[in-house]
2 protein chains.
Amino acid sequence: MFDSYDRKILNTLQADGRITNQQLAEKIGLSSAATWRRVKALEEAGVIRQYTALLDAAKLSRGLRAILTVSLLRHDADSKKLFEDTVSSYPEVLQFFSITGDADFMIHVVVADIQSYDQFINEKIFTLEGVGQVQSHFALRELKNETTLPIG
Amino acid sequence: MFDSYDRKILNTLQADGRITNQQLAEKIGLSSAATWRRVKALEEAGVIRQYTALLDAAKLSRGLRAILTVSLLRHDADSKKLFEDTVSSYPEVLQFFSITGDADFMIHVVVADIQSYDQFINEKIFTLEGVGQVQSHFALRELKNETTLPIG
DNA sequence: GAATAATAGAAAGCTCATTTCGCGATCTTC
DNA sequence: GAAGATCGCGAAATGAGCTTTCTATTATTC
């Protein structure tokens, strides 16, 4: 599917999304034209979803990271859909998964401080219809926080 | 701390990390020279940590996302440090937090399939010294998976 | 309200992106 | 194993964008 050049391109772009095409070409050992065509093909195929700037949450007053697990009281399609759409729309929510295990959902939230968190959970979670068990965990330390997928 | 121009720059670069400086300048309403200086200052200050390409995990045979919670049997500094350094070094581990609650750590892992996960947890987690309770949750659906911080 | 410090924009030179073209390697079909 | 097709490469040219320097303008401080 992907050859060694593609893998090098993907790894390099994960490490530096703003590298110039020429530098990328030199790094992987192809001409700049060939490199450019491969990058465009990877974007076209959706392998590269997006380019983004990763920011420092603490420097932007978003120092508190919380992980919530939530169970719903009812599991009919409508209740679930409403819950999913509403939670997805919250900007404080960075990750939101439906998961296996005791809880139904895991929500990853970034806010300024514990006061903001209190406000978030009271106004934006507990007010939702059909919310059952909710557990909050706070990140004490970020030992690793990456987006870089290992490319095999 | 940050004025309206800085916030616009950060939001725009989060949405498109490879936008040209000229397009960015036009979008936020400053000259390209002024915009360029602000972007460099934000990079210098570490507000912008990194530019990266976000890839599609499924298209790269990394279709299984698991969340583990782990407790350690001993909590002396050396045991913890060894555990933290080792787990951080695993490429399958994208996020790794020390958290509040029953468990000590939360680990976010991306692998190809359930066989790879079995291999990962048996060879790379259970083999570590002092690992106690481990719980695995699997992501059934990714309802939201972003890196975009809300800028206030 | 004058002095000082920041910050803006214009212009210019330099770098880079993107396209077009032709070549060579590899695969397919007979 | 030869003819044709296909694919992907690199060279070169053009247009677009980056980065710096210089000057003007706008805030800030006393």
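Each chain gets a letter, A, B and so on, in the order the sequences are listed, and its residues count up from 1.
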Exercise. Any side-chain N or O of A:Trp36 under 4.0 Å from OP1/OP2 of C:dT18?
Worked result: yes
For this session: Round to the nearest Å and state the distance from A:Leu13 atom CG to C:dA17 atom P.
Result: 11 Å
For this session: Between C:dG9, D:dA11, C:dC16, spot the one nearest the side chain of B:Leu30, thanks.
Result: C:dG9
Exercise. B:Tyr5 OH to C:dA6 C1': how many Å, rounded?
Worked result: 15 Å
Exercise. If you pin A:Ala33 and B:Ser31 to their nearest nucleotides in DNA chain C, which one's is more 5'?
Worked result: B:Ser31
For this session: Measure the distance from CG on B:Asn21 to P on D:dT20 and round it to the nearest whole Å.
Result: 12 Å
Exercise. Between C:dA6 atom C1' and B:Asp6 atom CG, what is the distance in whole Å?
Worked result: 14 Å
Seminar exercise, completed: Taken to the nearest whole Å, NZ/A:Lys40 to C1'/C:dT19 is 13 Å
Exercise. Going through the checks in order, is the side-chain contact (heavy atoms from CB on, under 4.5 Å) test met by B:Ile125 and B:Phe120?
Worked result: CA-CA 7 Å; B:Ile125 298 295; B:Phe120 169 79; 3.7 Å; yes
Problem set entry | Atom-to-atom span, CG of B:Leu24 to C1' of D:dT19 - whole angstrom | 15 Å
Exercise. Of all the nucleotides listed (D:dC18, C:dA10, D:dG10), which has the minimum atom distance to the side chain of A:Ala34?
Worked result: D:dG10
For this session: Give the ring-plane orientation class for B:Phe105 versus B:Phe83, where under 30° counts as parallel, over 60° as perpendicular and anything between as tilted.
Result: tilted
Exercise. Once you round to the nearest 0.5 Å, how far does CZ of A:Phe2 lie from CD1 of A:Ile151?
Worked result: 8.0 Å
Exercise. Between D:dC9, D:dT19, C:dC16, which nucleotide has the shortest distance from any of its atoms to the side chain of A:Arg38?
Worked result: D:dC9
For this session: Between B:Asp3 and B:Arg18, name the one whose nearest nucleotide on DNA chain C is closer to the 5' end.
Result: B:Asp3
For this session: Tell me whether the guanidinium CZ or amine NZ of A:Arg18 lies under 6.0 angstrom from the six-membered ring centre of B:Tyr51 and within 45° of its axis.
Result: yes
Problem set entry | SB check B:Arg49 B:Glu43 (cutoff 4.0 Å) | no
Exercise. CZ of A:Arg37 versus P of D:dC9: gap in Å, rounded?
Worked result: 7 Å
Problem set entry | Separation of atom CD in B:Gln22 from atom C1' in C:dA17, rounded to whole Å | 13 Å
